[in-house]
Amino acid sequence: MTDPTVPTALRATGLGRRFRSRWALRDCAFTVPAGKITALVGPNGAGKSTLFHLATGLLHPTTGELSVFGATPGSDEARARTAFLAQDKPLYPRFTVGDTLRFGRELNDDWDQAAAERIVRAGDIPFDTRIGTLSQGQATRVALAVAFGKRPELLLLDEPLADLDPLVRIEAMGLVMEEVAERGTTVVISSHILSELESVCDHVLLLKHGGVRLDGDVQRLCEDHVRFTGLADASTGDGLPAGLDRGTVVEATVTGRQLTAFVRGTAPTGDHWITETPSLEELLLAYLRSDDRPTEDTGRDGAAA
Ligand SMILES: Nc1ncnc2c1ncn2[C@@H]1O[C@H](COP(=O)(O)OP(=O)(O)OP(=O)(O)O)[C@@H](O)[C@H]1O
């Protein structure tokens, strides 16, 4: 559920983007809360990078609208408030780290040199090192220093940590969280590493087949779902209990005679079912594996079409 008291950083209504005859995103409606960390999740080709490119103004919508703090992506106002970091970090290999920060300062009026230097120093990276000689983790740190030096209100991270080893990735994520805590920056980060998201993210947006499948506060979404296991009902064909509304079922699997199901709403009655609130990782995996049920919601405040 999107909390109406929290200001909105990104708002999409009827958002669609088509490449030739193929829709990368279609009829998306969602909000991203300001001052929170939102995980953007979805299988390959779901439309995550397309969404980032729309949010930065690198692409324009085919249908609908997307706003960044109420402004049009790519406008001077939106650009001044947004930093974008993709996996291929935009650093010049021949520049030194010091040159890179100087370049950032020249390009950005509100540049925060002290913050950028602090991030570099915390990684023990000498300022006279050439970018081309840095390790992947060090380059990511410098790229994050440049991104935070811009003092963005919205930081868009399109898998910039994907190529890092787990320890460096966790360290870089800690860096992001520190900066967020200190400045209240809104972060949208795409990731395929679901296990690492629960401790980091407040909000989740799951895209699949170009549409919003899940959108909401992490804790609330987990509490809104139930995972239940028990003996499959042999009389119903799908193993689910007869009285259960099939429209609430996200995913159901029968292994041998054992049924495991995720539903949005309440668990079926009967004390032979073991019920649990799913973790975020379990919930996301259920939606990623599901055949896209339920379909009744609009995608603003929870499960979507
Ligand atoms: N410039 C483009 N021209 C044509 N098709 C594109 C273009 N960019 C993206 N697409 C298509 O749009 C769809 C969504 O791609 P996108 O890169 O947004 O997915 P993604 O969720 O970021 O995937 P991944 O997890 O693999 O990075 C894909 O089918 C892709 O082939």
Side-chain angles (χ1 to χ4, degrees), residues 9-32 37-68 72-74 78 82-90 136 139-140 143-144 147 154-166 169 172-173 176 186-198 200-201 203-216 218 221 250 280-281 283-292 299 303-305:
L10 288 178
R11 181 182 300 279
T13 46
L15 182 68
R17 169 68 205 202
R18 196 177 54 203
F19 294 104
R20 299 208 174 111
S21 61
R22 192 187 172 102
W23 290 91
L25 288 175
R26 190 158 201 186
D27 201 19
C28 292
F30 61 84
T31 53
V32 166
I37 302 183
T38 292
L40 180 60
V41 178
N44 293 130
K48 302 180 297 293
S49 295
T50 301
L51 178 53
F52 281 124
H53 293 156
L54 289 166
T56 49
L58 292 170
L59 286 174
H60 300 291
T62 309
T63 63
E65 285 178 13
L66 179 67
S67 63
V68 177
T72 304
T82 307
F84 175 49
L85 197 53
Q87 198 171 338
D88 52 341
K89 290 129 202 146
Q136 294 273 33
T140 298
L144 283 171
L154 173 64
L155 178 60
L156 303 170
L157 300 173
D158 190 2
E159 293 189 75
L161 316 182
D163 53 356
L164 304 182
D165 78 50
R169 198 170 59 238
M173 209 48 232
V176 171
T186 305
V187 176
V188 182
I189 179 165
S190 69
S191 177
H192 291 292
I193 304 167
L194 305 181
S195 57
E196 290 177 7
L197 295 178
E198 190 144 23
V200 169
C201 297
H203 195 90
V204 70
L205 179 61
L206 189 150
L207 299 178
K208 198 172 165 190
H209 305 315
V212 178
R213 291 292 175 270
L214 201 60
D215 166 26
V218 166
L221 282 175
V250 178
L280 178 64
E281 184 181 7
L283 187 65
L284 294 174
L285 280 172
Y287 272 90
L288 289 171
R289 284 189 301 243
S290 81
D291 54 359
D292 294 343

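As the structure lists them, so they are numbered: ligands from 1, and atoms in each ligand from 1.
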Atom indices of ligand 1 within 4.0 angstrom of P43 heavy atoms, with elements: 21 (O)
R17 near ligand 1 by a heavy-atom separation under 4.0 Å: no
Polar atom proximity, G45 to ligand 1 (N or O, under 3.5 Å): yes
A24-ligand 1 polar pair, N/O distance under 3.5 Å: no
Option of least heavy-atom distance to atom 19 (O) of ligand 1 (set: A86, G47, G210): G47
Part of R20 with heavy atoms under 4.0 Å of ligand 1, whether side chain, backbone, both or neither: neither
For ligand 1, the portion of S190 having any non-hydrogen atom under 4.0 Å away: neither
Options L40, V41, T50, ranked by nearest heavy atom to atom 16 (P) of ligand 1, top entry: T50
Atom 5 (N) of ligand 1 touched by protein (heavy atom, under 4.0 Å): yes
Per-atom contacts, ligand 1 versus A46 - under 4.0 Å to a heavy atom: 19 (O), 20 (P), 21 (O)
Is_contact(atom 30 (C) of ligand 1), protein non-hydrogen, under 4.0 Å: no
Close-contact set for ligand 1 against H192 heavy atoms, below 4.0 Å: 25 (O)
Numbering as shown, the atoms of ligand 1 that approach K48 to under 4.0 Å (heavy-atom distance): 18 (O), 19 (O), 20 (P), 21 (O), 22 (O), 23 (O), 24 (P), 25 (O)
G42 N/O under 3.5 Å from ligand 1 N/O: no
Sub-4.0 Å heavy-atom approach of H53 to ligand 1: no
